[in-house]
Amino acid sequence: MIEHDAQPGWVAVEKYLSDVVVQPDAALQRAVRTAVDADMPRIEVAPNAGKLLKLLVQVSGARRVLEIGTLAGFSTIWMARGLPDDGRLLTCEYLPKHAAVARTNVDAAGIGHKVEIRVGAALDTLQVLADLGVEPFDFVFIDADKENDSHYLEWAIRLGRPGTTIVVDNVIWEGAILEPERDEVNAPGIVSALEMMGRDPRLDATAIQTVGTKGWDGFALAVVK
Ligand code: SAH
Ligand code: DHB
Ligand code: MG
């Protein structure tokens with residue numbers, strides 16, 4: 001797991017931005033509280049990042065969102081709020097316990113009708129979706145086991161279309177991407193995804209560093225060409 005060595009100034013500024021600009025409501029606070037109560041890890045996106053996801057879904061005009069890594073549904077609720085009422089979000093979660101907590105949270109947030117949670121290893125679920133011939137996804141958020149990030153990118157392209165927006169969370173990992181020996185599981189997977197985003201002719205991408213309650217991290221944004 002990532003080391004959270006967030007500096008006091010970063011945390012205070014993030015709290016200020018969250019309170020003054022973002023203002024997460026009771027349903028989002030519930031998603032965090034229920035995760036804590038269920039002894040789940042505190043690794044949901046920060047509120048200002050969640051709001052960014054919501055706005056990106058909205059400005060991209062997405063009607064179909066694919067999420068890889070649900071946890072308690074915090075990012076799920078944000079993104080579902082960026083969708084029109086008949087939009088759909090399919091989210092992949094390995095752990096049945098996490099999926100069950102997320103189900104209660106998305107329902108309590110009033111966006112449950114937009115959300116399908118598929119339990120299992122995401123790589124298996126993605127193959128099932130391909131076999132089912134589902135409609136292309138307009139927006140993909142990758143936020144699960146980092147060692148599979150480049151495989152998830154490949155699936156995002158396969159299940160997407162030209163113009164599909166892809167966001168990959170946690171692409172800086174406290175700088176371990178430059179010293180992969182510091183994290184032999186996650187860092188190499190993140191580096192593979194970053195290299196793919198720079199090299200793959202099907203993708204147009206950038207990556208942004210962030211600081212705050214989650215320490216030193218960041219996200220990548222890519223569009224399928
Ligand atoms: N997107 C969430 C946080 C996700 S944390 C938010 O911001 O609110 C990562 C989640 O991915 C965890 O719930 C973990 O159980 C799940 N996960 C890990 N490996 C997975 C896999 N192979 N397939 C599907 N989900 C996985
Ligand atoms: C971890 C996973 C995440 O998706 C995240 O945003 C932060 C940390 C982790 O496994 O440590
Ligand atoms: Mg994450």
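All values below were derived from every heavy atom in this structure, side-chain atoms included, with hydrogens, water molecules and symmetry-related copies excluded. For the single chain, residues carry numbers from 1 onward in sequence order. Keep in mind the model is a prediction, meaning the values are calculated, not measured. In each ligand, atom 1 is the first atom listed, and ligand 1 is the first ligand listed.
Residue I43 has at least one nitrogen or oxygen atom sitting less than 3.5 Å from a nitrogen or oxygen atom of ligand 2, judged on distance alone. Considering backbone and side-chain atoms together, D217 places no N or O closer than 3.5 Å to any N or O of ligand 2.
For ligand 2, the atoms sitting less than 4.0 Å from at least one non-hydrogen atom of N170 are 3 (C), 4 (O), 5 (C), 6 (O), 7 (C), numbered in the order shown with element in parentheses. The contact set between ligand 2 and K146, taken as ligand atoms under 4.0 Å from a residue heavy atom, comprises 2 (C), 3 (C), 4 (O). Residue D169 approaches ligand 2 through these ligand atoms, each under 4.0 Å from one of its heavy atoms: 6 (O).
The count of protein N, O or S atoms under 2.8 Å from the Mg ion (ligand 3) stands at 3, with waters excluded from the count.
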Would you check, one step at a time, whether the test side-chain contact (heavy atoms from CB on, under 4.5 Å) holds for T76 with E93?
-> CA-CA 11 Å; T76 314; E93 173 53 52; over 6 Å; no
Starting from the C-alpha separation in whole Å, work towards a yes-or-no answer on side-chain contact (heavy atoms from CB on, under 4.5 Å) for E14 and V211.
-> CA-CA 8 Å; E14 184 184 304; V211 294; over 6 Å; no
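Using a 4.0 angstrom heavy-atom cutoff, E44 does not count as in contact with ligand 2. For the pair W173 and ligand 2, a heavy-atom separation below 4.0 Å is found.
Ion pairing of R161 with E135 is absent here, as no side-chain N (NZ or NE/NH1/NH2) approaches a carboxylate O to less than 4.0 Å. A salt bridge does not link K214 to E174: none of the charged side-chain nitrogens sits closer than 4.0 Å to a carboxylate oxygen. D169 and K146 are not joined by a salt bridge, as no carboxylate oxygen comes within less than 4.0 angstrom of a charged side-chain nitrogen.
At least one side-chain heavy atom of I68 sits less than 4.5 Å from a side-chain heavy atom of L126. Looking only at side-chain heavy atoms (C-beta outward), P41 and H98 come within less than 4.5 Å of each other. R42 has its side chain within reach of V36: a pair of non-hydrogen atoms, C-beta onward, lies under 4.5 Å apart.
If you check the side chains of T34 and N105, you find a donor sitting under 3.5 Å from an acceptor.
With a 4.0 Å heavy-atom cut-off, ligand 2 is reached by no atom of V45.
More than 12 heavy atoms of other residues, nucleotides or ligands lie within 6.0 Å of NZ in K97, so this atom counts as buried by the packing criterion.
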Side-chain atoms of residues 50-58: list all donor-acceptor pairs with protein atoms under 3.5 Å, sequence neighbours left out, distances to 0.1 Å.
{"unit_1": "K54", "atom_1": "NZ", "unit_2": "Q58", "atom_2": "OE1", "d": "2.7"}

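Every pair passing side chain to side chain donor-acceptor pair (under 3.5 Å) that includes a residue from residues 116-129 is listed here, sequence neighbours excluded: E116-R118, Q127-D131.
Within 4.0 Å of ligand 1, counting heavy atoms only, the contacting residues are I43, E44, V45, E67, G69, T70, L71, F74, S75, C92, E93, Y94, L95, H98, G120, A121, A122, F141, D143, A144, D145, Y152.
For T165 (side chain) and F139 (main-chain N/O), no donor-acceptor pair under 3.5 Å exists by modelled atom type.
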